[in-house]
Trainee: 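One structure, as C-alpha cells, below. Some questions next.
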Amino acid sequence: MSFALAWMAGLLALCLDLFVREAFMLDAWSPDFLAVVLLWLGTTRSWTQGAIIATTLGAVADAFAGSPLGMHMFHGLLLFYLSRTVSSRVLFQGFVGRLLLGLVGGLASLFLLTLIGRLVLADARLAVRITHLILPRILVVVAAVPFAFPIMDRLEALFVRQPERDLM
Amino acid sequence: MGILLFTLSGVCLFFDHGDTGAGPMSRIVGRVFSPLHVVVTSAARSVRELRADYVSLTEVRAQNRALEAELQAMRNERDELDGLRSENERLRGLLELADKRKDLRLRAARVSGRSVSPYFRVMKVTLEANGDEVKPGMPVIAPGGLVGQVRSTTNATAEVLLITDPRSAIDVVLETSRARGLAVGTGEPDRYAARLEYLQRNDETVVGERVMTTGDDGRYPRGLAVGRVTTLKAQAHGLFQDAELEPMVDLSALEEVFVVLGPSGLTPDGTDIQRPEKPTPPAGAPSARGGGAVP
C-alpha cells in the first residue's frame with residue numbers, strides 16, 4: 001500500500017509537472033515536482049523500495065519527456081540515493097532543514113541530469129544551454145520542498161496504517 | 001537491488017536503441033504511458049486556451065471600456081459643438097436682424113428666466129450693456145419677429161411681457177388682406193398663442209397669413225411680424241370673426257433678444273433720412289418769434 005501510494009504520488013507529480021508546463025507555459029520556472037517527490041522518497045522510504053519507485057518513475061519520465069529510456073531512470077535513482085544518503089546522516093527537520101534539503105536536491109538534480117545528458121547525448125554544449133535554468137529550477141525546488149513534504153507526510157498518514165509504514 | 005536497477009538503467013540507456021532511436025523497451029514504456037500523456041496534455045491545453053480566452057476577454061473588456069469612454073468624450077464634444085452651432089445660428093440671426101433694421105436702435109439682451117406662473121407669460125432678460133437706456137414699454141424683438149414689451153427694469157435685468165400674455169394688446173394688420181385687428185394674448189399655460197380681436201366679419205383673411213404691427217399704437221414700430229393666423233371662425237352673429245395666431249418667434253426656445261430703444265434716424269438699409277431743409281427766411285423778414293432782424 002505504501003509502495004503503491006508513493007508510486008502514485010510520483011506519477012501524479014509527473015502529470016502535474018507536465019500539466020503546469022503545458023498549461024501555463026512557465027518554461028524555466030515550471031516546478032520540478034518529480035525531483036521533490038524523489039527527495040521525499042529519500043527521507044521516508046527504504047533503500048530498496050525507494051530505488052524501485054525512483055527507477056520506474058524515471059522510466060515514466062523518459063516516456064513523458066521523449067528522452068532516451070534510462071536517462072531519467074538513472075537520474076531518479078541517483079537523486080533518490082543522494083537524498084537517502086544525506087537524510088540518513090543529517091536530520092532535515094523543520095522549515096529551514098527542508099529548505100536546505102531542497103537546495104541540495106535541486107542543485108544535485110540539475111547537475112545529475114546535465115551530467116547524464118552529457119554522457120548519453122555526447123553534447124558538450126548541453127551545460128551551457130541549460131545555464132539559464134539553474135536559478136529558477138533550484139529556487140522552485142527549494143520553495144516547493146518545505147510545503148510539499150508536510151502535505152505528503154499527512155496524506156501518507158491518512159492512507160497508510162502505521163504498521164505498514166516502512167520506517168527503515 | 002541497487003546494482004540491478006543501475007544495470008537496468010544502463011542497459012536501457014546504452015543498448016535500447018532501434019533504427020528510429022527508440023528501442024523495444026522504450027517503445028513499450030512509451031505505449032503504456034502515452035495515453036496518460038495525451039490526456040494530461042490535452043487537459044493542460046484546454047486550461048491554456050481557457051486562460052488565453054479569459055485574458056483576451058479581459059483585454060477586450062478593457063478595450064471596450066476605453067472605447068466607451070472615448071465615445072462618451074466624443075459625444076460630449078459633439079453636443080458641445082451642436083450647442084455652439086445653435087448659438088452661432090441664433091447670434092447670426094440677431095446680427096442679420098440688426099443689419100436689416102438699421103432704422104431702430106437696438107440693445108441686445110439674453111433671456112435669463114421665465115415666469116413660474118401658469119397665468120402670466122413673462123420672461124426675464126439680462127441686458128448686455130447700458131441698462132439705463134431700457135425703459136418700460138419698449139418693444140422687444142427677435143430674429144423671427146415681435147416678442148413683447150419691457151414691463152419693468154431693475155439694474156441690468158428687465159422683465160418682458162410676452163405677446164401671448166393676456167395683458168398684452170397690439171394693434172395689428174394682416175399682411176395680405178390688410179384687415180385690422182387687435183392681437184391679445186391668450187395666456188394659456190400649455191401653448192403660446194394670441195387671439196385676433198375686432199377682425200371684421202367680411203375681411204377675406206386666410207389661415208397662414210402673416211400678422212404685422214401697424215405702428216399706430218405708438219408703442220411698436222411698424223412692420224414687425226407678430227405671428228401667423230392659425231384658426232379662423234366666423235361668428236354666427238355679430239360683426240367680427242374669431243381668429244387665433246401663433247407667434248412668429250418660438251418663445252419657448254428664445255435665448256437672445258433685442259430691446260428696441262427707439263428710432264435711429266436712419267432708413268432700414270442704413271442711409272440717413274433726408275429731412276426737408278427749412279427755407280431760409282429772406283433778409284429783413286420778421287423772425288418766427290416775432291422779433292425783427294438784429295441790426
Trainee: Does a side-chain heavy-atom distance below 4.5 Å link A/Leu11 with B/Leu36?
Mentor: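 With C-beta onward as the side chain, the pair touches.
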Trainee: If you count heavy atoms of other groups shown closer than 6.0 angstrom to CD1 of B/Ile3, is the number above 12?
Mentor: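 No, the 6.0 Å shell around CD1 holds no more than 12 heavy atoms from other groups.
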Trainee: Using non-hydrogen atoms only, which part of B/Arg51 is less than 4.5 Å away from chain A: side chain, backbone, both, or neither?
Mentor: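 Looking at B/Arg51, just its side chain touches chain A.
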Trainee: Between A/Leu78 and B/Phe6, is the side chain to side chain contact (heavy atoms under 4.5 Å, CB included) condition met? List the steps.
Mentor: CA-CA 9 Å; A/Leu78 286 171; B/Phe6 269 115; 3.7 Å; yes
Trainee: Just how far is it from atom CG of A/Leu14 to atom CZ of B/Phe33, taken to the nearest 0.5 Å?
Mentor: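 Here the interatomic distance stands at 9.0 Å.
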Trainee: Any side-chain heavy-atom pair from A/Ile52 and B/Leu5 closer than 4.5 angstrom?
Mentor: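 Heavy-atom side-chain distance check passes, below 4.5 Å.
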Trainee: Would you confirm whether B/Arg48, through its side chain, and A/Glu22, through its main-chain N or O, come within 3.5 Å as a donor-acceptor pair?
Mentor: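 Flag set: sc B/Arg48 to bb A/Glu22 pair under 3.5 Å.
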Trainee: Please tell me if the side chains of B/Thr41 and A/Phe19 come closer than 4.5 Å, counting only heavy atoms from C-beta onward.
Mentor: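 They are not in side-chain contact.
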Trainee: Can you tell if the side chain of A/Leu69 reaches within under 4.5 Å of the side chain of B/Val29, non-hydrogen atoms only?
Mentor: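 Answer yes - side chains close enough.
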Trainee: Give me the atom names and distance for the closest heavy-atom approach of B/Val40 to A/Cys15.
Mentor: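 Result for this residue pair: CG1-O, 3.4 Å.
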Trainee: Between chain A and each of B/Ser34, B/Gly30, B/Ser46, B/Ala43, count heavy-atom pairs under 4.5 Å; write down the option with the most.
Mentor: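 That would be B/Ala43.
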Trainee: If the plane angle is over 60° it's perpendicular, under 30° parallel, otherwise tilted; pick one for A/Phe64 and B/His37.
Mentor: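 Geometry flag for B/His37 against A/Phe64: perpendicular rings.
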Trainee: Among A/Gly70, A/Ala54, A/Ala23, single out the residue with the greatest number of heavy-atom pairs under 4.5 Å to chain B.
Mentor: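 Option with the top pair count is A/Ala23.
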Trainee: Please round to the nearest 0.5 Å and tell me the distance separating atom OG of B/Ser26 and atom CE of A/Met71.
Mentor: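 Answer rounded to 0.5 Å: 12.5 Å.
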